Trainee: 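This is the structure, below, for whatever I ask next.
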Amino acid sequence: MILRTHYSGQISADMDGKEVMLAGFAHEIRDLGGIAFLVLRDREGMAQITLVKKLLGKDVFKMARSISRESVVMVRGNVKAEAKAPRGYEILPTEIQVLSAAQVPLPLDPTEKVECELDTRLDSRFMDIRRPSVLAAFEIESAVLCSLRDYFHKKGIVEVFTPKIVAAATEGGTDLFPISYFEKEAFLNQSPQLYKQMLMGAGMDRVYEIGPIFRAEEHDTRRHLNEAISIDLEVSFADDKDVMEILEEAVAGAYSYVADNCRRQLGVLNMELEVPRLPFKRITYTRALELAEEKAGARMQWGDDLDTETERFLGESIGEHYFLIDWPSSIKPYYTLPYEDKPEICRGFDLMHPRMELASGAQRVHDYSLLVERIKEKGLDPDGFEFYLRAFRYGMPPHAGWGLGLSRLVMTMLNLENIRDAVIFPRDRRRLVP
RNA sequence: GUCCGGAUGGUGUAGUGGCCCAUCAUGAAGGCCUGUCGAGCCUUCGACCCGGGUUCGAAUCCCGGUCCGGGCGCCA
């Protein structure tokens, strides 16, 4: 029972005379007396249904013009090429069915004539997404995923899924959400990191995972959420330089895919996408500190993580994507491989957009003893990592990988103000519904 | 967590002690209108976050609370 033969975007003036069925929402009704225009909106755009009193008869005309905005309607009718109509065509209906009438008043204005606060929009997200510009961003996000999966597939990288329910907070650092798991305590996983490394020990050679991660941090910013989608990669017999190349190609490739395949959505968002040029600049952590000190008088100590101010200064002065490399070993996780000749710095890197960090990665420690040593140095207990460490005792290929935040990628690509604009149902410190 | 700002019809807003039984837009209800393009015109409807206080008088000032926004912090 598919109640449509076409989306609005599939109809054109050269289909003059053809019978079509459209289904969607009543976007607006403009009533001029003897003639009225019902604008039907679907995923692809709008179609004008022209209601002529004389042709429809009094009763049908009266019913049709009284349809409440945002009601779900099906229209059967004939395409008529008409220079006076938007997009050069209109539909002269033979049948109009209201499949579900919308109550009034609406919780927000889907025609985007009246502004709406983010909080109001999120409370009524189902209606917010009816707004074409909101929908466009999520369609583009889907295209980004399509591009990434296609790229990984071509590179012979295997898609995997690892558990989101885990036994212990073994990675240290970020806070985890505890959950009740039958008679045991469990947590929501903060990252697939340990699992994808174990899969290197399993000989899967190159894997990626796209899935949720959970962080119980009480941060409250426009770029953090407590549930996010992470794009994670791990490659055996590769080093940090190799996976940085994969990362920049994947990101630039996503831009280029969106530019080619999402023209309509970009048009709705009124933007032109500039595909970043490769290769991205590589800037060492030490050099970044020097730049910040020279030009902005920043007072960061070598060994501190970059504060927001420094990060923003670097972004503004570089003005495009860049990698921050050769970080102090002390501020990167235990699984990051230190340089052999200079162990105070390591083979960890961050991919930065001028506005924020998008990804971080590293060549990993694959030597069992070094890994145990590094875990102890970070003040963690190797016993808690036994499930992970076992995979390093029976032959572990050298490997490298990264994790990339999907919403941040989309947010920076589309210049969205808030990460919540890139997540359909965001979860933050306060919001658990819808 | 912390600092700063905010909360007015369904939605977005104006209003810093009396000019406010509250502005404008959008919307809704009704009416006129056969080519609208965010149609136009006429009539009507609909709101000061909660609790306490100051004052002759509070949307406006003060105190407490709740909620929201922005910055910073936190973010292996």
Side-chain angles (χ1 to χ4, degrees), chain A residues 27-39 46-56 61 65-66 68-70 80 82-88 90 92 102-124 127-128 131 169-176 189-194 213-226 228 230 305-312 327 329-336 346 348 350 356-357 360-362 364 374-375 377-380 385 403 405 408 417-420 428-431:
Chain A
H27 187 72
E28 323 187 77
I29 294 152
R30 283 190 279 274
D31 181 1
L32 276 70
I35 189 168
F37 302 98
L38 163 64
V39 179
M46 322 262 187
Q48 173 169 294
I49 316 300
T50 302
L51 311 165
V52 181
K53 195 178 196 172
K54 278 192 210 156
L55 297 178
L56 287 173
F61 183 77
R65 61 186 265 212
S66 70
S68 60
R69 293 163 73 225
E70 295 305 311
K80 183 185 169 203
E82 173 57 72
K84 283 184 284 190
R87 287 164 292 275
E90 63 190 7
L92 295 177
Q103 276 186 11
V104 295
L106 301 170
L108 51 81
D109 170 29
T111 66
E112 306 190 79
K113 283 181 222 167
V114 180
E115 284 301 300
C116 196
E117 287 193 0
L118 182 61
D119 204 48
T120 306
R121 294 172 44 210
L122 292 177
D123 283 340
S124 298
M127 186 147 295
D128 182 45
R131 308 200 309 161
T170 48
E171 282 187 62
T174 195
D175 290 326
L176 304 195
N189 207 181
Q190 64 177 104
S191 152
Q193 181 60 31
L194 306 189
I213 57 172
F214 304 91
R215 300 189 176 185
E217 300 294 337
E218 299 205 2
H219 34 47
D220 194 5
T221 76
R222 290 188 289 177
R223 57 189 188 284
H224 292 279
L225 289 174
N226 296 291
S230 171
D305 204 350
L306 297 186
D307 59 27
T308 311
E309 193 188 351
T310 306
E311 211 173 82
R312 217 182 1 228
W327 287 75
S329 303
S330 57
I331 50 173
K332 283 290 175 189
Y334 57 81
Y335 47 74
T336 309
C346 67
D350 282 4
M356 70 189 79
E357 178 189 332
S360 67
R364 321 296 191 187
R374 292 276 293 149
I375 289 172
E377 273 171 27
K378 294 280 176 184
L380 300 165
F385 294 81
R408 286 189 174 193
E417 287 294 310
N418 195 306
I419 197 153
R420 290 159 184 79
D428 62 31
R429 178 72 185 86
R430 301 188 184 94
R431 184 174 287 278

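Quick caveat: nothing in here was measured; it's all calculated off a predicted structure. Residue numbers start from 1 in every chain, and the chains themselves are labelled A, B, ... in the order their sequence lines are given, proteins ahead of strands.
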Trainee: Would you check if A:D220 and A:D428 make a side-chain contact, meaning some heavy-atom pair closer than 4.5 Å?
Mentor: no
Trainee: With a non-hydrogen cut-off below 4.0 angstrom, is A:A36 in contact with a base, only sugar-phosphate, or nothing?
Mentor: nothing
Trainee: Nearest 0.5 angstrom please: A:I29 CD1 to A:L51 CG, how far?
Mentor: 8.0 Å
Trainee: Looking at A:D175, is its backbone amide N or carbonyl O close enough to the side chain of A:E217 to form a donor-acceptor pair, meaning the two atoms are under 3.5 Å apart?
Mentor: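 A pair under 3.5 Å: yes.
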Trainee: So with a 6.0 Å cut-off around CD of A:E112, is the heavy-atom count from everything else above 12?
Mentor: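 Enclosed: over 12 neighbouring heavy atoms sit under 6.0 Å from CD of A:E112.
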Trainee: Round to a whole Å and report the spacing from CD1 of A:I29 to P of B:A29.
Mentor: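 A:I29 atom CD1 is separated from B:A29 atom P by 10 Å.
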Trainee: Rounding to the closest angstrom, what is the interatomic distance between B:A76 and B:G71 at atom C1'?
Mentor: 25 Å
Trainee: I want to verify a distance call: between B:U34, B:A76, B:U26, whose nearest atom is closest to the A:S360 side chain?
Mentor: B:A76
Trainee: Heavy atoms only, 4.0 Å cut-off, all strands: where does A:R87 land among base, sugar-phosphate and nothing?
Mentor: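 No contact.
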Trainee: If you only use heavy atoms from C-beta on, which nucleotide in B:C74, B:G35, B:C75 is closest to the side chain of A:R215?
Mentor: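 From the listed options, B:C75 comes nearest.
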Trainee: With heavy atoms under 4.0 Å as the rule, sort A:P86 into base, sugar-phosphate or nothing.
Mentor: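 Base contact.
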Trainee: For A:T111, answer base if it contacts any base atom (sugar-phosphate contacts may also be present), sugar-phosphate if it contacts only those atoms, and nothing otherwise; contact means non-hydrogen atoms under 4.0 Å.
Mentor: nothing
Trainee: Please report, rounded to the nearest Å, how far the C1' atom of B:C75 is from the CD1 atom of A:I419.
Mentor: 12 Å
Trainee: Roughly how many Å is it from NZ in A:K113 to C1' in B:A28, rounded to a whole number?
Mentor: 13 Å
Trainee: Which part of the nucleic acid does A:N226 contact within heavy-atom distance under 4.0 Å: base, sugar-phosphate only, or nothing?
Mentor: nothing
Trainee: Out of B:U11, B:G38, B:U13, which has the shortest distance to the side chain of A:V114?
Mentor: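 Closest nucleotide among those given: B:U11.
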Trainee: Looking only at atom C1', what distance separates B:C67 and B:A28, rounded to whole Å?
Mentor: 28 Å
Trainee: Nearest to the side chain of A:L32, which nucleotide is it out of B:C33, B:U26, B:C72?
Mentor: B:C33
Trainee: Between B:G18 and B:U60, how far apart are the two P atoms, rounded to whole Å?
Mentor: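 About 11 Å, rounded to a whole number of Å.
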Trainee: Look at the side chain of A:N418 and decide which nucleotide, out of B:C74, B:G70, B:G12, has an atom nearest to it.
Mentor: B:G70
Trainee: Would you state whether a donor and an acceptor, one from the side chain of A:E90 and one from the base of B:G35, lie under 3.5 Å apart?
Mentor: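 Side chain to base: pair found, below 3.5 Å.
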Trainee: If I pick the P atom on B:C19 and the same atom on B:A58, what distance separates them, to the nearest angstrom?
Mentor: 11 Å
Trainee: In whole angstrom, give the distance that lies between atom CD of A:E112 and atom C1' of B:G27.
Mentor: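 For the pair A:E112 CD and B:G27 C1', the rounded distance is 16 Å.
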Trainee: Could you tell me the Watson-Crick or G-U partner of B:G9, where both distances fall under 3.5 Å? Say none if there is no partner.
Mentor: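 Check on B:G9: unpaired, no WC or wobble geometry under 3.5 Å.
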Trainee: Expressed in whole Å, how much space separates the C1' atoms belonging to B:U16 and B:A7?
Mentor: 16 Å
Trainee: Which part of the nucleic acid, if any, lies within contact of A:E357, taking any heavy atom under 4.0 Å across all strands shown: a base, the sugar-phosphate backbone alone, or nothing?
Mentor: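 It contacts nothing in the nucleic acid.
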Trainee: Mind checking what makes side-chain contact (heavy atoms from CB on, under 4.5 Å) contact with A:R69, not counting sequence neighbours?
Mentor: A:L106, A:D109, A:P110, A:T111
Trainee: Under 4.0 Å, counting only non-hydrogen atoms across every strand here, what does A:S68 touch: a base, just sugar-phosphate, or nothing?
Mentor: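 Answer is nothing: A:S68 stays at 4.0 Å or more from every strand.
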Trainee: Take A:D123 and A:R431, measure what side-chain contact (heavy atoms from CB on, under 4.5 Å) needs, and give me the verdict at the end.
Mentor: CA-CA 9 Å; A:D123 283 340; A:R431 184 174 287 278; 3.0 Å; yes
Trainee: Would you check if A:M356 and A:T221 make a side-chain contact, meaning some heavy-atom pair closer than 4.5 Å?
Mentor: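 Sidechains of A:T221 and A:M356: no contact.
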Trainee: Can you tell me which nucleotide in B:C74, B:U26, B:U36 comes closest to the side chain of A:Q48?
Mentor: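 Within the option list, the nearest is B:U36.
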Trainee: Check nucleotides 1-4 of chain B for protein N or O atoms closer than 3.5 Å to its own N or O atoms and list the pairs.
Mentor:
from, atom 1, to, atom 2, distance (Å)
B:G1, OP2, A:E218, OE1, 3.4

Trainee: Expressed in whole Å, how much space separates the P atoms belonging to B:G10 and B:G5?
Mentor: 28 Å
Trainee: From B:G73, B:G12, B:G10, pick the nucleotide closest to the side chain of A:P105?
Mentor: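 Among B:G73, B:G12, B:G10, the one nearest the side chain of A:P105 is B:G10.
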Trainee: Considering only the P atoms, how many Å lie between B:G15 and B:G57, rounded to the nearest integer?
Mentor: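 About 26 Å, rounded to a whole number of Å.
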Trainee: Run the numbers on A:R121 and A:R131 for side-chain contact (heavy atoms from CB on, under 4.5 Å), then give the verdict.
Mentor: CA-CA 10 Å; A:R121 294 172 44 210; A:R131 308 200 309 161; 3.4 Å; yes
Trainee: As a test of reading the structure: which of B:A76, B:G71, B:C74 is closest to the side chain of A:Q190, going by heavy atoms?
Mentor: B:A76
Trainee: Taking atom C1' in both B:U66 and B:G52, compute the distance separating them and give it to the nearest angstrom.
Mentor: 15 Å
Trainee: Between A:L306 (CG) and B:A76 (C1'), how many Å, whole number?
Mentor: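 Rounded to whole Å, this separation is 16 Å.
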Trainee: Starting from P on B:C75, measure out to NZ on A:K332 and report it in whole angstrom.
Mentor: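 Atom NZ in A:K332 sits about 12 Å away from atom P in B:C75.
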Trainee: Quick one: side-chain hydrogen bond (donor to acceptor under 3.5 Å, both in side chains) partners of A:E357, sequence neighbours excluded?
Mentor: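 Per chain and number, A:E357 pairs via side-chain hydrogen bond (donor to acceptor under 3.5 Å, both in side chains) with no residue.
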Trainee: Have a look at A:K54 and say if it touches a base, only the backbone sugar-phosphate, or nothing, with a 4.0 Å heavy-atom cut-off.
Mentor: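 The residue A:K54 makes base contact.
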